[in-house]
Structure formats: C-alpha cells, structure tokens
Asks: 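The structure's right below; bear with me while I get my questions together.
Please read these numbers as outputs of a predicted model, since none were measured by experiment. Numbered from 1 within each chain, the chains take letters A, B, ... in sequence-line order.
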Amino acid sequence: MFDHEREVIEEKIKVFCTENDIPLTSIEWKPLPFSGEWGISTSFFQAAANEARSGKKVNVPQRAQEIAEGVREHLGTPEGFSRVEAVKGYLNLYFSTAEYARRVVETVLRDKADFGRGAPKGERVMVEYAQPNTHHSFHIGHYRNAILGESLARLVEFAGFETIRASYPGDIGLGVITVLWIYDKFYKGQEPEGIHERGQWLLKLYVEATQLLEPKEDETPEARAQREAYDAERREMLRKWDAGDPYVRELWLRTREWSLEELRAILEMLDIHIDVWFYESEVDEPAKEIVEELIARGIAEDERPEGPVIVRIDEKLGLKKEKYRTAVILRSDGTTLYLTKDLALAKIKFEKYGVDRSIYVVDTRQSLHFQQVFKILELWGFPQAEKCYHLGYGFVSLPEGAMSARRGRVVLFKDVADEAVRRVLSVESEKSPDLSEEERRAVAQKIGLGALAYAMLSVDNNKDTVFDMDAALSFEGRTGPYIQNAHVRAASILRKAGPLAGRATSRTPDFDYNLTPHEIRLIDLISRFPATVEQAAQEYRPLVMATYAYDLATAFHSFYHAVPVLQAEEEGIRLARLALVAAAKQTIANALRLLVIHAPEVM
RNA sequence: GCCCCCGUAGCUCAAUGGAUAGAGCGCCUGACUUCGAAUCAGUAGGUUGUGGGUUCGAGUCCCGCCGGGGGCGCCA
C-alpha cells in the first residue's frame with residue numbers, strides 16, 4: 001500500500017551501499033513489530049554476511065548494526081516518516097501517522113467490497129472440490145472439503161485469477177450399485193418426503209445393505225448362501241449398468257438425483273455456487289480412449305490379458321528409489337479406475353476449459369494418487385502439469401474414532417447445522433430481543449454457520465481434526481462469531497452516529513490529532529489486508545486469512561473498549577474515528593467473505 | 001522395505017530463516033447507570049519430541065533417532 005515510499009527509500013539505500021562498497025543483495029521489508037507505533041523495517045544481516053564471506057573479518061551482527069546506522073544517517077528523515085532508527089541490525093522507519101492513516105481509510109472507503117482485490121493475473125485457475133459420492137449423505141468431512149475449497153476459490157479469485165469452481169461427484173461404482181440393489185429389492189417405489197430426508201435415507205439403505213452383504217463370523221451355511229446370492233445380484237446389477245441396461249440406468253439416474261438435490265441444497269445454504277459439474281460416470285468412456293493413446297505412445301505398458309495396463313512412473317522418470325511407483329491405469333478386464341478417470345478429467349480441464357492451473361481439494365490420503373496423476377500428465381506432455389496442485393487436508397474423525405459410512409457412523413452436516421442454529425437462537429433472544437422471528441432465524445443461520453466455517457478454516461489444512469460439536473459451535477474467543485461481533489459493533493456505532501456517519505465517509509477526514517496506539521494498531525492491520533490476500537492465495541492457504549481476520553477483529557474490539565468514538569470531545573476526532581470504524585467494518589466484511597462467512601449488521 | 005504428513009503452554013492450535021515463540025480454551029483477578037460484556041484489561045503456564053549439522057541467526061532448512069497418523073500394481 002506504500003509501495004512508492006518504499007521504492008524511494010530502497011533507491012537511497014542502494015546508492016548508499018554502492019558508494020560505500022557494501023555488497024547488498026536484496027532489500028526485504030516487513031511490517032514493524034507493533035509497539036504503539038507503525039511502520040516498516042528491513043535488516044542488513046545479509047549484506048554483512050556477504051562481506052564476511054568475501055574474506056573481510058567482520059562480526060556480522062555488529063557490522064549489520066553499523067550499516068543500519070550508516071543508512072539511517074544517509075536517509076535522514078524521509079518525507080512521510082516521523083522518525084528512523086537503527087536497532088540491532090534493523091532499520092526501522094516509522095510512518096507519519098496523520099498522512100498514512102488518512103490514506104488507508106480513504107482507500108478502503110473508496111474501494112469498499114473491492115478493497116484488497118488484486119490486479120488481474122491473466123491466468124485461469126480451476127478449483128475442484130465438493131466431490132461427495134452420490135447415494136450417500138453429506139457429512140462433516142464433506143463439509144470441511146467444501147468450505148476449504150470455496151474459501152480457496154474466493155481467495156484466488158479475489159487475488160486476481162480468473163476462477164472456475166468445479167464439483168466432481170462420484171456417481172458410480174460398487175458403493176452406488178449397492179444402494180441401487182437394496183432399493184430395488186426391498187424398497188422399490190418408496191420415497192421419503194423432503195430433500196434432506198431423502199438424501200439421508202439413501203445412506204441408511206447403504207448401511208443396511210452393507211450388513212446384508214458383509215461376511216459374518218460363525219455364519220450358518222444358509223446365511224452364507226443367502227449372502228452370496230445377494231452379492232451375485234449386486235454384481236449382476238453392476239454388469240447391467242455397465243452394459244447400459246435401461247431399467248438399471250433409469251433407477252440409477254432417479255436415485256442419483258435425490259442425492260444431487262440434497263447436495264445442491266446444502267451448497268446453496270453454504271453460499272457455494274459451482275460453475276462446472278463433472279460426473280465420474282461421464283469420464284469413463286474418454287478414460288478408455290486415453291489408455292489406448294498412452295499405450296500407443298509408449299508411456300503405458302499393456303500386460304493384458306495376464307495383467308492390467310500400467311505406467312512405470314519411476315522407471316520412466318529415471319528414478320532409482322521408488323517414489324511414484326507403478327500405477328495401474330486399466331484393469332485387466334478393460335474397465336477404468338479412479339486414476340484413469342482423473343487423467344481424462346485433467347485433459348478436459350486443460351483442453352475444453354483452457355485452465356492454466358488446476359487445484360484439487362481432496363483428502364490428504366490421496367496424495368500419492370495425485371502425485372501419480374501429475375507425473376503421468378507430465379510424461380504425457382501437458383505443460384500445465386507443473387501447475388497442478390493437490391491441496392490435501394487431514395481427515396475429520398469423531399471422538400469415538402474414524403467416520404465410517406459403511407457402518408453408519410457419521411456426523412451429518414445437516415444435523416450439525418441445525419444444532420448450530422438452535423444454539424445461536426438460545427443465546428440470541430437475550431442478546432437482541434428486538435428482532436423479528438424471521439430476522440432472528442436468518443441471523444442465527446449466519447452466526448451458526450460462521451462458527452462452523454471458522455472452526456474448520458482456522459486449523460492448518462494438513463492437520464487431522466477430531467470433530468467436537470461443542471468446540472466447533474463455540475461462540476466465544478477465537479471463533480467466527482467473535483469476528484462477526486466486531487462487525488456488528490462497528491455497524492452499531494455507525495447507525496447511532498446518524499448523519500455524522502455519512503459526513504465521515506463521504507469525504508475522508510483528517511487524522512491530524514494525537515492517535516492512540518489502539519487506533520494505530522487498527523489502521524496498521526487494515527493496511528495489511530491486500531498483502532494478506534495475496535499471500536493466502538499464493539500459498540493456497542485460507543488459514544492465513546482466518547488468522548488475519550481474527551487479529552483484525554481483536555484490534556477492533558480493543559479499540560472499541562478503549563477509544564470513545566461518538567463521545568470523543570472534538571468533532572474532528574469524532575469524524576476521523578467514525579471513518580476509521582467504517583473502514584474497519586468494511587475490511588472485516590471483506591475478510592469474512594473470503595472465509596465464506598456472512599458479516600451481519602446485527603446479531 | 002519405500003514414500004508422505006505430524007510432534008510447540010494442561011488441552012486445541014498459530015508463527016515468509018530474523019528482534020522478547022504467540023492466541024484461544026481451562027485456571028485465577030478486575031471492568032456493564034457510559035458507542036452491544038458473543039467483549040475488554042490483567043496473572044500464571046515453554047529446554048518448540050531427541051541428537052547432530054548448515055547459518056551472523058533455526059520452531060522453521062539438512063541428516064540420524066524416538067513417538068503418532070496415512071499411503072504403496074488391477075478400491076475410490
């Protein structure tokens with residue numbers, strides 16, 4: 001945000017170093033650790049170390065300090081800065097707060113929802129997430145995936161990438177057929193009312209079917225014969241699906257739609273809007289063609305009929321140790337695999353959608369799978385392969401152990417969301433008694449889902465988590481509602497200010513009074529928002545934004561308590577602080593938006 | 001056997017190779033006749049699993065070891 005000032009100073013530092021024969025390599029700026037003042041900082045350890053390496057006998061920390069002092073004298077006090085100091089090898093430049101504060105607030109109030117948006121990057125990125133299997137129900141693990149993917153999509157989009165959101169439901173496979181089988185055999189014609197009821201019912205059928213089809217200990221010969229007969233029926237159904245049997249296909253499409261309806265309803269609730277839907281079943285045929293091409297080009301080896309079609313990735317790359325191993329891309333019976341379909345899908349993404357970089361938000365347990373996909377794409381000759389990225393995340397387990405759809409041991413997202421709303425409502429009636437019933441529900445949903453989203457996004461993605469309802473739905477401390485509350489408090493002040501708020505925001509007031517450290521801290525954080533967006537997007541890490549949003553909210557809450565706004569003595573100060581409150585509110589809202597969390601006016 | 005991830009306060013987690021390793025929860029102390037207490041201010045709590053190495057500087061990078069989790073030719 002202060003690039004120009006920085007460049008001017010960098011130029012001067014370079015001149016000083018050249019004149020004094022100091023081997024400066026690069027200048028890197030960091031925000032000054034906050035201690036009541038606000039500014040930027042750089043250090044000279046690198047330059048001093050360079051001298052040491054070139055043979056001069058120097059003590060690096062001492063020499064760094066000498067250089068810093070030299071630079072300080074050379075710079076004097078540049079335009080726009082209040083003071084410059086050299087401490088322990090660091091050069092610290094403190095901003096003249098009045099001018100900088102005004103500039104920050106003015107920028108935010110001018111750009112509004114666009115404050116922090118990066119310049120167009122000229123690249124198209126596709127983020128693939130929301131890949132639940134159909135004929136199941138959406139559980140809390142799927143939720144982590146969806147919220148992580150959506151936050152990432154919003155981040156890269158806001159940072160300046162043209163962004164396409166893709167969903168890839170697994171709509172076929174033995175698990176799906178298992179549900180079709182039991183439905184057709186025992187429940188034909190039944191259909192619960194209600195989108196979520198219907199979706200969840202499919203999961204119940206799956207659990208029941210699994211029990212019927214799983215071998216038991218000490219099973220009687222009759223039971224065993226029964227089970228094997230069931231299994232034969234199931235396999236026959238899979239064969240029929242594969243052969244395009246009209247009856248099985250119709251049944252499959254109809255029940256699949258029940259799942260997809262539920263998925264769409266949940267995504268809608270989460271404010272997620274998918275641009276492109278890929279279905280596993282649709283890439284099956286293209287996948288087969290790809291195998292032929294890879295064989296023809298000598299990348300894959302056909303061991304049929306004795307074995308499958310494979311790619312010896314390590315061998316092709318000339319690696320001695322096993323790393324990517326050998327991947328099977330076609331079963332010996334000619335059917336495709338997960339990997340085959342991902343190859344086909346990647347080709348479609350590159351060629352049909354023209355994506356330059358491709359991000360896969362998928363469980364970290366599949367990291368070998370994706371490494372294999374990316375390496376095969378590379379061997380195949382796609383230049384985009386190096387810009388493919390697997391954003392893995394740790395799986396979500398329950399206090400009683402891993403979730404298991406087969407055993408029906410899952411925590412459904414819908415149940416958690418409902419519970420979240422209930423809990424918010426119970427505290428809300430006392431917090432804001434004036435709301436209408438309708439408003440109250442709408443707000444409760446925003447707060448409940450905000451708590452949930454923040455609980456997911458505030459943990460580094462590669463860590464496994466145990467889902468704890470009480471922790472995830474906590475509203476106090478480092479949580480979504482804490483941040484939302486800062487936004488609400490800002491909104492409240494602006495409402496109470498009446499016409500004064502309009503005056504404060506239409507023409508940015510001056511900040512030429514003695515700012516408190518609370519105000520400076522707040523402005524400091526606001527000014528860091530654009531760089532934070534860039535960093536989070538560059539590193540594909542929503543956590544960076546989650547941490548920032550909390551820090552910003554903390555700064556606002558502290559400011560709120562310590563610094564009077566409407567009660568400030570002079571009108572000039574009132575106006576300036578009102579403008580600052582408006583800027584803080586806007587920045588909090590922008591940050592929350594990137595975390596897929598609503599910023600309500602009241603709560 | 002090989003590969004990947006993790007190990008930081010009692011618990012859950014942060015920390016582009018930089019200044020005194022930070023938050024939340026929990027514990028204890030204070031602050032609502034005052035812009036909304038889902039808040040704030042403060043106390044206590046650490047040999048960053050361990051042994052080496054690189055570096056002016058290591059929680060962070062490299063190597064070994066210990067502990068936990070995940071993955072590895074026809075599941076997804």
Asks: Using a heavy-atom cut-off of under 4.0 Å over every strand shown, decide if Val565(A) touches base, sugar-phosphate, or nothing.
Replies: base
Asks: Among the candidates C13(B), G73(B), U55(B), find the nucleotide nearest to the side-chain atoms of Ile310(A).
Replies: G73(B)
Asks: Base, sugar-phosphate, or nothing for Leu32(A), non-hydrogen atoms under 4.0 angstrom?
Replies: base
Asks: Spell out, as yes or no, whether a donor-acceptor pair under 3.5 Å connects the side chain of Thr178(A) to the backbone of Leu174(A).
Replies: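 Yes; judged by distance alone, with no hydrogens or angles, the pair exists.
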Asks: Within this structure, what is the CZ-to-P distance between Phe34(A) and A15(B), rounded to whole angstrom?
Replies: 22 Å
Asks: Asp470(A) has an atom CG; how far is it from atom P of G26(B), in whole Å?
Replies: 12 Å
Asks: Take atom NE2 of His369(A) and atom C1' of G73(B), then tell me their distance rounded to the nearest Å.
Replies: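 Distance, rounded to whole Å: 15 Å.
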Asks: Touch check for Val466(A), heavy atoms < 4.0 angstrom, all strands: base, sugar-phosphate only, or nothing?
Replies: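 If one applies the 4.0 Å heavy-atom cut-off, Val466(A) turns out to touch nothing in the nucleic acid.
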Asks: Which one, A19(B), U55(B), G70(B), comes nearest to the side chain of Arg53(A)?
Replies: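 Closest nucleotide among those given: U55(B).
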Asks: Which part of the nucleic acid does Val602(A) contact within heavy-atom distance under 4.0 Å: base, sugar-phosphate only, or nothing?
Replies: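 Contact class for Val602(A): base.
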Asks: So Arg577(A), base contact, sugar-phosphate only, or nothing? Heavy-atom distance under 4.0 Å.
Replies: nothing
Asks: Measure CD/Glu539(A) against C1'/A14(B) and give the value in whole Å, please.
Replies: 14 Å
Asks: Using only atom types and a distance under 3.5 Å, with no angle test, would you say the side chain of Thr532(A) pairs donor to acceptor with the backbone of Arg528(A)?
Replies: yes
Asks: Given atom NE2 of His561(A) and atom C1' of A31(B), what is their separation to the nearest angstrom?
Replies: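 It is 9 Å, rounded to the nearest whole Å.
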Asks: Have a look at Arg574(A) and say if it touches a base, only the backbone sugar-phosphate, or nothing, with a 4.0 Å heavy-atom cut-off.
Replies: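 If one applies the 4.0 Å heavy-atom cut-off, Arg574(A) turns out to touch nothing in the nucleic acid.
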Asks: Can you tell me which nucleotide in A76(B), A23(B), G73(B) comes closest to the side chain of Arg478(A)?
Replies: A23(B)
Asks: Taking any strand in view, what nucleotide pairs with G42(B) in a Watson-Crick or G-U wobble way, both distances under 3.5 Å?
Replies: C28(B)
Asks: Using a strict cut-off of less than 4.0 Å between a Lys/Arg side-chain nitrogen and an Asp/Glu carboxylate oxygen, indicate whether Arg577(A) and Glu519(A) qualify as a salt bridge.
Replies: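 Counted as a salt bridge, because a side-chain N and a carboxylate O are separated by less than 4.0 Å.
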Asks: For Gln371(A) and Leu339(A), find the nucleotide of RNA chain B closest to each by heavy atoms; which residue's nucleotide sits nearer the 5' end?
Replies: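 Whichever sits nearer the 5' end wins; that is Gln371(A).
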Asks: Could you check Tyr338(A) against Phe395(A) and say which one's nearest nucleotide on RNA chain B is further toward the 5' end?
Replies: Phe395(A)
Asks: Quick one: look up who G64(B) pairs with, Watson-Crick or G-U, both distances under 3.5 Å, and put none if it's unpaired.
Replies: U50(B)
Asks: Decide yes or no, distance alone: a donor-acceptor N/O pair under 3.5 angstrom between the base of C35(B) and the side-chain of Ser492(A).
Replies: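 Result: no qualifying N/O pair found.
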Asks: For the residue pair Phe278(A) and Tyr168(A), does the interplanar ring angle fall in the parallel (under 30°), tilted (30 to 60°) or perpendicular (over 60°) class?
Replies: perpendicular
Asks: Does C75(B) have OP1 or OP2 sitting under 4.0 Å from an N or O in the side chain of Arg331(A)?
Replies: yes
Asks: Roughly how many Å apart are G46(B) and G10(B), using the C1' atom of each and rounding to a whole number?
Replies: 12 Å
Asks: For C2(B), what is the paired nucleotide under Watson-Crick or G-U wobble rules, both distances under 3.5 Å?
Replies: G71(B)
Asks: Does any nucleotide pair with U34(B) by Watson-Crick or G-U wobble geometry, both distances under 3.5 Å, and what is it?
Replies: none
Asks: Is Lys88(A) close enough to G57(B) that one of its side-chain N or O atoms is under 4.0 Å from OP1 or OP2 there?
Replies: no
Asks: Taking only the C1' atom of each, what is the distance from A15(B) to G59(B) in whole angstrom?
Replies: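 It works out to 8 Å between them.
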Asks: By nearest atom, which of the nucleotides G69(B), G36(B), G73(B) is closest to the Asp464(A) side chain?
Replies: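 Shortest atom-to-atom distance from the side chain points to G69(B).
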Asks: Within the structure, does a side-chain N or O atom of Lys323(A) lie under 4.0 Å from either OP1 or OP2 of C4(B)?
Replies: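 Indeed, a polar side-chain atom of Lys323(A) lies that close.
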Asks: If the cut-off is 4.0 Å, is Lys30(A) near the phosphate of A19(B), judged by side-chain N/O to OP1 or OP2?
Replies: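 It does not, given that no N or O in the side chain of Lys30(A) lies less than 4.0 Å from OP1 or OP2 of A19(B).
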Asks: U8(B), C56(B), C35(B): which one has an atom nearest the side-chain heavy atoms of Phe45(A)?
Replies: C56(B)
Asks: In whole angstroms, how far is the C1' atom of G73(B) from the CD atom of Glu322(A)?
Replies: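 These atoms are roughly 12 Å apart.
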Asks: Consider the side chain of Gln366(A), meaning its heavy atoms from C-beta on, and name the nucleotide among A76(B), C56(B), C74(B) that approaches it most closely.
Replies: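 Side chain of Gln366(A) sits closest to A76(B).
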Asks: Tell me if C62(B) is syn or anti. Syn = glycosidic torsion within 90° of 0, anti otherwise.
Replies: anti
Asks: Is it the case that the side chains of Thr479(A) and Tyr550(A) hold a donor-acceptor pair, with the cut-off being a distance below 3.5 Å and no angle test?
Replies: no
Asks: Base, sugar-phosphate or nothing for Asn92(A)? Non-hydrogen atoms, less than 4.0 Å.
Replies: base
Asks: Does Tyr482(A) reach a base, just sugar-phosphate, or nothing at all? Heavy atoms under 4.0 Å.
Replies: sugar-phosphate
Asks: Does the ring of Phe395(A) carry Arg144(A) above it, NZ/CZ under 6.0 angstrom from centre and within 45° of its axis?
Replies: no
Asks: What's the closest nucleotide to the side chain of Arg325(A) if the choices are C35(B), C40(B), C72(B)?
Replies: C72(B)
Asks: According to a strict under-4.0 Å criterion, is Ser558(A) in side-chain N/O contact with OP1 or OP2 of A41(B)?
Replies: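 For A41(B), OP1/OP2 do have a side-chain N/O of Ser558(A) under 4.0 Å.
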Asks: Can you say whether the rings of Tyr560(A) and Phe556(A) are parallel (under 30°), tilted (30 to 60°) or perpendicular (over 60°)?
Replies: tilted
Asks: Which listed nucleotide (A19(B), A37(B), C56(B)) is nearest to the side chain of Arg489(A)?
Replies: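 Of the candidates, A37(B) comes closest.
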Asks: Does the side chain of Lys321(A) get closer than 4.0 angstrom to OP1 or OP2 of C3(B) through an N or O atom?
Replies: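 The answer is yes; a side-chain N or O of Lys321(A) sits under 4.0 Å from OP1 or OP2.
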Asks: Base, sugar-phosphate alone, or nothing: which one does Ala52(A) contact when heavy atoms must sit under 4.0 Å apart?
Replies: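 Nothing, no nucleic acid heavy atom in range.
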Asks: Answer with base, sugar-phosphate or nothing: what part of the nucleic acid does Leu368(A) contact at a heavy-atom distance below 4.0 Å?
Replies: sugar-phosphate
Asks: Quick one: label Tyr550(A) by what it contacts on the DNA or RNA (base, sugar-phosphate, nothing), any heavy atom closer than 4.0 Å.
Replies: sugar-phosphate
Asks: Taking atom C1' in both C3(B) and C11(B), what distance in whole Å separates the two?
Replies: 32 Å
Asks: Does Arg541(A) make a side-chain N or O approach to OP1 or OP2 of A15(B) shorter than 4.0 Å?
Replies: yes
Asks: Can you say whether a donor on the side chain of Asp460(A) sits under 3.5 Å from an acceptor on the base of A15(B), or the other way round?
Replies: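 No, the side chain and the base share no sub-3.5 Å donor-acceptor pair.
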Asks: Please evaluate the base of A19(B) for a donor-acceptor partner in the side chain of Ser41(A) within a cut-off of under 3.5 Å?
Replies: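 In this structure, the two groups form a donor-acceptor pair.
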Asks: Think Asn462(A) has a side-chain N or O under 4.0 angstrom from the OP1 or OP2 of C6(B)?
Replies: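 Answer is yes, contact under 4.0 Å.
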Asks: Where the side chain of Ser54(A) meets the backbone of Glu51(A), is there a donor-acceptor pair that is under 3.5 Å apart?
Replies: yes
Asks: Could you tell me whether Gln46(A) contacts a base, only the sugar-phosphate backbone, or nothing, with contacts defined as non-hydrogen atoms closer than 4.0 Å?
Replies: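 Contact class for Gln46(A): base.
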Asks: More than 12 non-hydrogen atoms from neighbouring residues, nucleotides or ligands closer than 6.0 Å to CZ on Arg407(A), yes or no?
Replies: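 It does not: Arg407(A) CZ has 12 such atoms or fewer within range.
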Asks: May I have the distance from Gln372(A) (atom CD) to C2(B) (atom P), rounded to whole angstrom?
Replies: 19 Å
Asks: Taking atom CD of Glu400(A) as the centre, does the number of heavy atoms from other residues, nucleotides or ligands within less than 6.0 Å exceed 12?
Replies: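 Yes, the 6.0 Å shell around CD holds more than 12 heavy atoms from other groups.
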Asks: Would you mind pulling out the nucleotide paired to G22(B), Watson-Crick or G-U wobble, both distances under 3.5 Å?
Replies: C13(B)
Asks: Please state how far atom CG in Leu294(A) lies from atom P in C74(B), giving the value in whole angstrom units.
Replies: 19 Å
Asks: Have a look at Gln538(A) and say if it touches a base, only the backbone sugar-phosphate, or nothing, with a 4.0 Å heavy-atom cut-off.
Replies: nothing
Asks: Within the structure shown, what part of the strands sits under 4.0 Å from Ile329(A) by heavy-atom distance: base, sugar-phosphate, or nothing?
Replies: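 Nothing: the residue Ile329(A), judged by heavy atoms under 4.0 Å, touches no strand.
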Asks: By nearest atom, which of the nucleotides G24(B), A19(B), A14(B) is closest to the Pro33(A) side chain?
Replies: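 Ranking G24(B), A19(B), A14(B) by closest atom to the Pro33(A) side chain puts A19(B) first.
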